[in-house]
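Single-structure report; data block below.
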Amino acid sequence: MSQTPGIQKERISLLNSSPLATGGYVLYWMQASQRAGQNHALEYAILKANDLSLPLVVFFGVTDRFPEANLRHYAFMLQGIAETAQRLRDWGILFVLRKTSPEKGALELAGQASLVVVDRGYLRIQKTWRRFLAERAPCPVIQVESDVIVPVETASKKEEYAAATLRPKISRLLPYFLRPIEEILPKRISLGMDLETMDATDAEGVLEGLEIDRSVQRADRFFTGGESEAQRRLADFIATRLKDYAEARNDPTRSVCSDLSPYLHFGQISPLEVALSVLRAEVPERHSIDVFIEELIVRRELAMNFVHFSPDYDSFACLPIWARDTLDKHRSDGAGPRYLRETFEKAATHDPYWNAAQKEMLVTGKMHGYMRMYWGKKILEWSRTPDEAYETALILNNRYELDGRDPNGFAGVAWCFGKHDRPWPERPVFGTVRSMAASGLRKKFSIDTYVRLVEDMATGEKRPST
Ligand SMILES: Cc1cc2nc3c(=O)[nH]c(=O)nc-3n(C[C@H](O)[C@H](O)[C@H](O)COP(=O)(O)OP(=O)(O)OC[C@H]3O[C@@H](n4cnc5c(N)ncnc54)[C@H](O)[C@@H]3O)c2cc1C
């Protein structure tokens with residue numbers, strides 16, 4: 001087969017042993033990497049189609065039953081899909097969008113394909129879907145990783161204890177994996193093929209036809225989905241805020257972060273493209289580049305390692321034994337408020353700082369990263385039990401964050417309860433799990449300014465970074 005520079009062999013795995021079929025096309029089942037640009041799976045599929053002198057068909061299945069997804073998430077995702085479908089059409093590639101459970105839709109189309117290429121996801125549902133297809137498809141199913149810099153099993157064969165243990169393993173592989181993909185065009189156009197599809201370029205029309213949870217308002221005023229918007233934000237971040245990232249990333253009043261997490265979550269931008277653009281940036285503050293790369297690669301890929309190797313990634317049971325033991329020991333510590341989930345959800349605790357963080361998430365679909373730590377720690381402190389706190393944090397995070405339901409979210413919540421961390425001096429409720437206090441916020445930055453900023457956003461102002 002011809003080689004495409006930039007698609008390392010470690011990204012590619014054959015998921016079944018079915019022989020090459022004599023189908024009418026190569027199928028790329030797009031699931032995690034919802035973009036046209038810098039997409040290893042798409043490029044690999046084009047390469048295969050060209051080698052076999054077949055047209056390429058790209059399929060996306062939209063189910064209205066994706067766990068914990070609601071109107072806010074669907075609207076953002078479909079805006080991205082509309083742009084991707086349009087870009088692929090411009091390249092002569094047919095984009096088939098069907099309302100179906102994705103793995104079943106992919107299997108149906110696999111019936112007339114020579115082979116299927118699929119991108120990679122590390123969450124339980126994503127693995128189950130791919131297994132379903134691989135076990136039933138009458139042709140080869142090839143998985144191509146495009147949403148991490150270093151493929152998870154190449155970086156490490158086991159669950160890593162913390163960033164410190166993963167960092168050296170990833171760092172030594174970066175020169176090999178940090179290479180752009182050379183994009184190619186299909187030799188055969190598939191646009192005229194007779195395959196049933198919805199009009200993927202009509203995001204609002206598709207949205208209207210879905211029977212989904214519509215109880216969470218859209219966040220379009222703050223975030224619109226799509227590859228070009230992600231690229232605009234990346235360019236703006238590099239031009240105006242990257243230089244201050246090391247110094248001010250933990251200050252929610254400064255808004256120096258990239259705000260790229262919703263786009264990364266839906267695969268609307270390639271982490272490789274983000275990393276390469278930031279590494280090439282001409283800013284004198286090289287330390288800011290290093291700190292950003294640490295978050296984007298080491299921290300993000302530690303989260304992927306966590307969900308891949310820890311089957312309990314979405315429950316209290318995933319915590320290290322020392323954390324579970326100490327939280328158990330302190331279960332009945334009295335004092336302090338105890339809130340029900342509804343009180344947290346309505347941003348109605350006694351703490352104006354915590355309420356502001358919750359409100360930022362409710363209104364804009366994205367809470368500042370530093371406030372997420374305080375937010376999770378206080379849910380632990382003010383819930384009736386640590387198990388209930390764990391569930392509350394995950395439910396609220398996944399329901400309201402545009403980047404929720406992501407490995408980073410599962411790892412972030414787990415971190416608040418001791419995962420990827422070490423024991424600290426013992427305290428009520430937390431035991432030896434690290435705690436956070438409102439006084440710490442006041443010391444670090446003007447938390448009252450943050451509270452005002454969130455009020456402004458709730459009453460019509462834009463996010464400072466948009
Ligand atoms: C309780 C809690 C819940 C979280 N929930 C989510 C979630 O649902 N989805 C999500 O993507 N992130 C989550 N995070 C991690 C982090 O807060 C966000 O990734 C970050 O705030 C996103 O904003 P940004 O894109 O502006 O980040 P930037 O600071 O600009 O960072 C760039 C990218 O690096 C990655 N990154 C940054 N910080 C972290 C981190 N601590 N861990 C892993 N990757 C990181 C993200 O992909 C991010 O988009 C959570 C953290 C905590 C403590």
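As the structure lists them, so they are numbered: ligands from 1, and atoms in each ligand from 1.
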Point to revise | Shortest protein contact, atom 41 (N) of ligand 1 (heavy atom only) | key: Glu295 OE1, 3.9 Å
Check your understanding: Does Arg254 come within less than 4.0 Å of Glu247, counting only side-chain N to carboxylate O?
Key -> yes
Practice item. Answer with yes or no whether Arg249 contacts ligand 1, where contact means a heavy atom under 4.0 Å from a ligand atom. Key: no
**Study point:** N or O contact, Leu264 vs ligand 1, cut-off under 3.5 Å
**Key:** no
Check your understanding: Is it true that Glu204 and Arg218 make a salt bridge, defined as a side-chain N closer than 4.0 Å to a carboxylate O?
Key -> yes
Practice item. Could you tell me how the ring of Tyr339 sits relative to the ring of His350: parallel (under 30°), tilted (30 to 60°) or perpendicular (over 60°)? Key: parallel
Practice item. Run the numbers for me: atoms of ligand 1, each under 4.0 Å from some heavy atom of Gly404, listed by number. Key: 8 (O)
Check your understanding: Hey, is Asp236 close enough to Arg241 for a salt bridge, meaning N to O under 4.0 Å?
Key -> yes
Point to revise | Ring center gap for Phe60 and Trp29 short of 6.0 angstrom | key: no
Check your understanding: Counting N and O atoms only, with roles assigned by atom type, does the side chain of Arg72 sit under 3.5 Å from a partner on the main chain of Gln217, one being a donor and the other an acceptor?
Key -> yes
Review point. Quick one: which ligand 1 atoms are inside 4.0 Å of a heavy atom on Ser261?
Key: 11 (O), 22 (C), 23 (O), 25 (O), 49 (O)
Point to revise | Check: Trp415 N/O within less than 3.5 Å of ligand 1 N/O | key: no
Check your understanding: For Ala303, is the nearest heavy atom under 4.0 Å from an atom of ligand 1?
Key -> no
Exercise for review: May I ask you to check whether Ser258 has an N/O atom sitting below 3.5 Å from an N/O atom of ligand 1?
Suggested key: yes
Practice item. For ligand 1, find out whether one of its N or O atoms is nearer than 3.5 Å to an N or O atom of Tyr245. Key: yes
Check your understanding: Can you tell which of Arg35, Arg87, Gln34 makes a side chain to side chain donor-acceptor pair (under 3.5 Å) with Glu227?
Key -> Arg87
Check your understanding: Relative to the heavy atoms of Leu296, which atoms of ligand 1 are at a distance of less than 4.0 Å?
Key -> 34 (O)
Practice item. May I ask you to establish whether Arg422 and Trp424 are in a cation-pi arrangement, using a distance under 6.0 Å from NZ or CZ to the six-membered ring centre and at most 45° from the ring axis? Key: yes
Check your understanding: Can you check whether Ala162's main-chain N or O pairs, donor with acceptor, with Thr165's side chain at less than 3.5 Å?
Key -> yes
**Study point:** side-chain contact (heavy atoms from CB on, under 4.5 Å) partner of Ile293, chosen from Asp290, Val291, Ile289
**Key:** Ile289
Check your understanding: With a cut-off of 4.0 Å, which atoms of ligand 1 are near a heavy atom of Asp259?
Key -> 24 (P), 25 (O), 26 (O)
Review point. Could a heavy atom of Gly369 be found less than 4.0 Å from some atom of ligand 1?
Key: yes
Exercise for review: Taking the six-membered ring of Trp415 (Phe, Tyr or Trp), confirm whether the NZ or CZ of Lys377 is under 6.0 Å from its centre and within 45° of its axis.
Suggested key: yes
Practice item. Can you sort out which atoms of ligand 1 are near Cys416, meaning under 4.0 Å from one of its heavy atoms? Key: 1 (C)
Review point. Heavy-atom distance to atom 47 (O) of ligand 1: which of His265, His420, Lys377, Arg300 wins?
Key: Arg300
Review point. Hey, does Tyr370 sit under 4.0 Å from ligand 1 if you only count heavy atoms?
Key: no
Review point. Is there a protein heavy atom less than 4.0 Å away from atom 20 (C) of ligand 1?
Key: no
Check your understanding: So, for His330 and Phe430, is the gap between ring centers shorter than 6.0 Å?
Key -> no
Practice item. Return a yes/no value for Asn397: is any of its N or O atoms, backbone included, closer than 3.5 angstrom to an N or O of ligand 1? Key: yes
Review point. Within the structure, does Arg299 bring an N/O atom to less than 3.5 angstrom of an N/O atom in ligand 1?
Key: no
Revision key, fill the gap. Shortest non-hydrogen pair, Lys169 vs Ala155, comes out as CB-O, 3.5 Å
Practice item. Return the option from Lys366, Glu294, Met304 holding the heavy atom at the smallest distance from atom 23 (O) of ligand 1. Key: Lys366
Review point. Nearest heavy atom to atom 17 (O) of ligand 1: which of Glu401, Met367, Arg372 does it belong to?
Key: Arg372
Point to revise | Flag, side chain of Glu43 to backbone of Ile181, donor-acceptor distance under 3.5 Å | key: no
Study note, to complete from the structure: So for Pro271 against ligand 1, with non-hydrogen atoms under 4.0 Å, the contacting part is neither
**Study point:** Heavy-atom nearest option to atom 43 (C) of ligand 1, drawn from Asn408, Ile297, Ile269
**Key:** Asn408
Point to revise | Proximal ligand 1 atoms for Phe292, defined as those under 4.0 Å from one of its heavy atoms | key: 30 (O), 31 (O), 32 (C)
